[in-house]
Protein chains: 2
Amino acid sequence: MAQRDGAGRAPLSRDRVLRAAVVLADRAGLEALSMRSLAQELGVVPMALYKHVANKEQLLDGMVDAVVAEIEPPADDADWRTVVRGCVLSARRALLRHPWAVRVIETRSSPTPGVLAHLDSVVGTFRAGGFSVDLTHHVMHALGSRVWGFTQEVFPSPPPPDPEARTAALRELSGRYPHIAEIVLRGGGHEDASVVGRGCDDQFEFEFALDLLLDGFERLRAQGWSSAARSAGESRAQGA
Amino acid sequence: MAQRDGAGRAPLSRDRVLRAAVVLADRAGLEALSMRSLAQELGVVPMALYKHVANKEQLLDGMVDAVVAEIEPPADDADWRTVVRGCVLSARRALLRHPWAVRVIETRSSPTPGVLAHLDSVVGTFRAGGFSVDLTHHVMHALGSRVWGFTQEVFPSPPPPDPEARTAALRELSGRYPHIAEIVLRGGGHEDASVVGRGCDDQFEFEFALDLLLDGFERLRAQGWSSAARSAGESRAQGA
DNA sequence: ACCTGAACACCGTTCAAGT
DNA sequence: ACCTGAACACCGTTCAAGT
């Protein structure tokens with residue numbers, strides 16, 4: 001009865017389908033995940049999957065929640081800032097473990113239950129920390145995708161490792177986009193291939209922006225900021 | 001000679017292909033844009049497109065640059081903050097005109113020339129405004145996707161307009177995700193379907209976060225911040 | 001030399017035929 | 001009643017055959 005070919009498989013279940021999908025996406029990439037390839041991985045016929053997930057979109061929804069479930073619950077004995085920071089960095093670690101997850105989260109048309117639960121807990125932390133509903137609302141928007149521990153990178157990737165190609169690439173960059181080149185060269189001025197263009201420290205950049213925002217949040221909270229005064233040009237003066 | 005069927009078409013060109021692709025994506029959505037549907041739109045056989053774009057990825061690259069070309073050049077007679085703000089909001093307007101563009105930018109594996117040119121001009125504005133190369137670097141990362149005028153939204157979409165379904169949805173939300181519900185209800189306390197859950201003012205939220213970051217940037221610039229001091233836990237004290 | 005239709009190797013999903 | 005193989009309506013792209 002049931003599936004029992006090859007290596008004596010347990011019967012299919014929604015959970016087993018989702019876990020296999022996560023493993024497959026981790027190993028082979030998102031573009032290699034199809035209903036057909038996943039079925040083959042599980043040793044079943046493609047249509048058997050449709051007993052456990054309505055369609056591919058719902059499969060992806062389930063995969064997102066599986067990743068979100070890896071986020072550690074916050075230690076709630078600290079101040080709001082420490083707790084939020086911990087939550088966000090834990091989310092970031094979960095998403096770094098599954099590089100495809102960011103792309104899948106971005107393409108969901110509506111948030112999954114796991115995603116809502118995570119959001120709710122972060123909102124609750126702000127509220128408990130003395131943020132008004134109003135300020136909490138805007139602050140959550142300001143965090144944006146950073147609540148998930150990611151930001152899409154828009155910077156060019158580091159130059160090629162081959163010294164000759166690298167020097168040529170940097171020279172071209174300097175000619176066409178001088179200001180970007182200056183950053184890639186980090187003000188050192190040397191075009192020496194061995195020391196420059198070492199790429200960016202993603203973790204540092206993430207925490208830099210996160211802390212800048214958290215600092216701003218704390219300032220607004222302390223001064224009792226409210227959006228009630230919002231009108232023409234008012235927002236410019238918010239931090240003054 | 002050339003294509004001259006039906007309504008007497010001009011000969012194909014890379015530019016005509018790209019413009020048709022943008023129009024098609026605007027009208028029918030990104031998922032309706034295929035090499036086949038685009039060819040049909042242009043009254044040619046699918047393979048004819050491959051004379052002007054190497055493959056679909058390159059077609060999408062070209063479409064991104066077509067949208068980026070709509071960003072207005074900054075008025076450079078103002079202070080850095082006004083110029084950057086203007087650039088970013090102009091980029092935002094261009095992307096709002098082509099709702100598919102955000103998704104396409106996010107999936108590009110490397111930045112296109114138009115994208116690099118936009119980045120370069122923003123970097124140049126910071127530099128001219130007295131930012132060090134070092135600070136400019138981190139500040140660009142902190143802006144992240146906001147340089148493009150967008151942030152992915154992670155908040156749930158507004159509740160359904162039908163009063164009865166709306167009340168039910170809100171009641172469920174309150175039970176499961178009380179903190180999110182509080183924000184949706186905006187602290188008013190009333191569950192009256194007509195006044196609550198009016199959704200978010202995207203433009204306000206965008207500018208709120210943008211100005212918070214710009215305020216932070218100005219503070220760091222004024223105090224001569226440098227990443228040189230970065231080490232264990234140092235980043236937390238950046239705004240102090 | 002140029003163009004292009006048929007074909008290839010895929011998709012997600014429907015549906016009717018088989019047990 | 002249950003399961004599933006074949007089929008449908010698509011993809012992007014290759015390639016050889018036709019002019």
Side-chain angles (χ1 to χ4, degrees), chain A residues 1-6 8-14 16-18 20-25 27-64 100 103-110 112, chain B residues 1-6 8-14 16-18 20-25 27-64 100 103-110 112:
Chain A
M1 57 184 297
Q3 293 292 341
R4 193 151 278 283
D5 56 325
R9 304 195 168 280
L12 268 195
S13 69
R14 189 182 147 84
R16 226 166 74 78
V17 168
L18 293 181
V22 167
V23 169
L24 181 56
R27 171 164 41 85
L30 194 59
E31 69 288 345
L33 175 78
S34 68
M35 296 301 275
R36 289 165 132 104
S37 65
L38 177 58
Q40 190 173 24
E41 198 72 15
L42 286 160
V44 300
V45 77
M47 285 314 297
L49 300 176
Y50 286 83
K51 282 265 109 114
H52 303 99
V53 290
N55 48 39
K56 194 179 181 184
E57 288 302 292
Q58 205 184 85
L59 173 74
L60 293 170
D61 283 351
M63 291 169 70
V64 167
W100 46 268
R103 245 169 311 150
V104 177
I105 288 179
E106 281 172 351
T107 57
R108 292 311 79 203
S109 55
S110 62
T112 58
Chain B
M1 56 185 291
Q3 293 293 342
R4 192 151 279 283
D5 55 326
R9 305 194 168 279
L12 268 195
S13 69
R14 188 182 147 84
R16 225 165 76 77
V17 169
L18 291 181
V22 168
V23 169
L24 181 56
R27 171 164 42 84
L30 194 60
E31 69 288 344
L33 175 78
S34 68
M35 296 302 274
R36 289 164 132 105
S37 65
L38 177 57
Q40 190 174 24
E41 197 73 13
L42 286 161
V44 300
V45 77
M47 285 314 297
L49 301 176
Y50 286 83
K51 282 265 108 116
H52 303 99
V53 290
N55 49 39
K56 193 179 182 183
E57 288 303 290
Q58 205 184 87
L59 172 75
L60 293 170
D61 283 351
M63 291 170 69
V64 167
W100 47 268
R103 245 168 312 149
V104 177
I105 289 178
E106 282 172 350
T107 57
R108 292 311 80 202
S109 55
S110 63
T112 60

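A, B, ... follow the sequence lines: proteins, then strands. Residue 1 opens every chain.
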Leu60(B) atom CG is separated from dT13(D) atom P, nearest whole Å, by 10 Å
From CD of Glu31(A) across to P of dC11(C) the rounded distance in Å is 11 Å
- With a 4.0 Å cut-off on heavy atoms, is Met47(A) in touch with a base, just the backbone sugar-phosphate, or nothing at all? base
Sticking with atom P, work out how far dA7(D) lies from dT19(C), rounded to a whole angstrom.
-> 16 Å
To the nearest angstrom, the NE2-P distance between His52(A) and dT13(C) comes to 16 Å
OG1 of Thr112(B) to CE of Met63(B), rounded to nearest 0.5 Å, is 12.5 Å
Ranking dT13(C), dC3(C), dT13(D) by distance to the side chain of Lys51(B), first place goes to dC3(C)
Interatomic distance, CG@Asn55(B) vs CG@Leu49(B), rounded to 0.5 Å, equals 11.5 Å
Checklist entry - Heavy atoms, side chains only, cut-off 4.5 Å: are Val53(B) and Asp61(B) in contact? => result no
Out of dT4(C), dG12(C), dT13(C), minimum distance to the side chain of Arg36(A) belongs to dG12(C)
Taken to the nearest 0.5 Å, the spacing of Leu38(A) CG from Arg36(A) CZ works out to 13.0 Å
Inset, instruction - For dG18(C) and dC8(D), measure between their P atoms and round to the nearest Å. - result: 16 Å
Rounded to whole Å, the CG-C1' distance (Leu12(A) to dC3(D)) equals 13 Å
Any strand, both distances under 3.5 Å, Watson-Crick or G-U wobble: dC2(D) pairs with dG18(C)
Rounded to whole Å, the CG-C1' distance (Asn55(B) to dT14(D)) equals 13 Å
Which of dG12(D), dG5(C), dC11(C) is nearest the side chain of Val45(B)? It is dG5(C)
Atom CE of Met35(A) and atom P of dA9(D) are separated, to the nearest Å, by 21 Å
In this structure, CZ of Arg14(B) is separated from NZ of Lys51(B) (nearest 0.5 Å) by 15.5 Å
Taking a pair to mean Watson-Crick or G-U wobble geometry with both distances below 3.5 Å, dC11(C) pairs with none
Rounded to whole Å, NZ of Lys56(B) lies from P of dC11(C) at a distance of 16 Å
note: Gln58(B), atom CD; dG12(D), atom P; distance rounded to Å ~ 15 Å
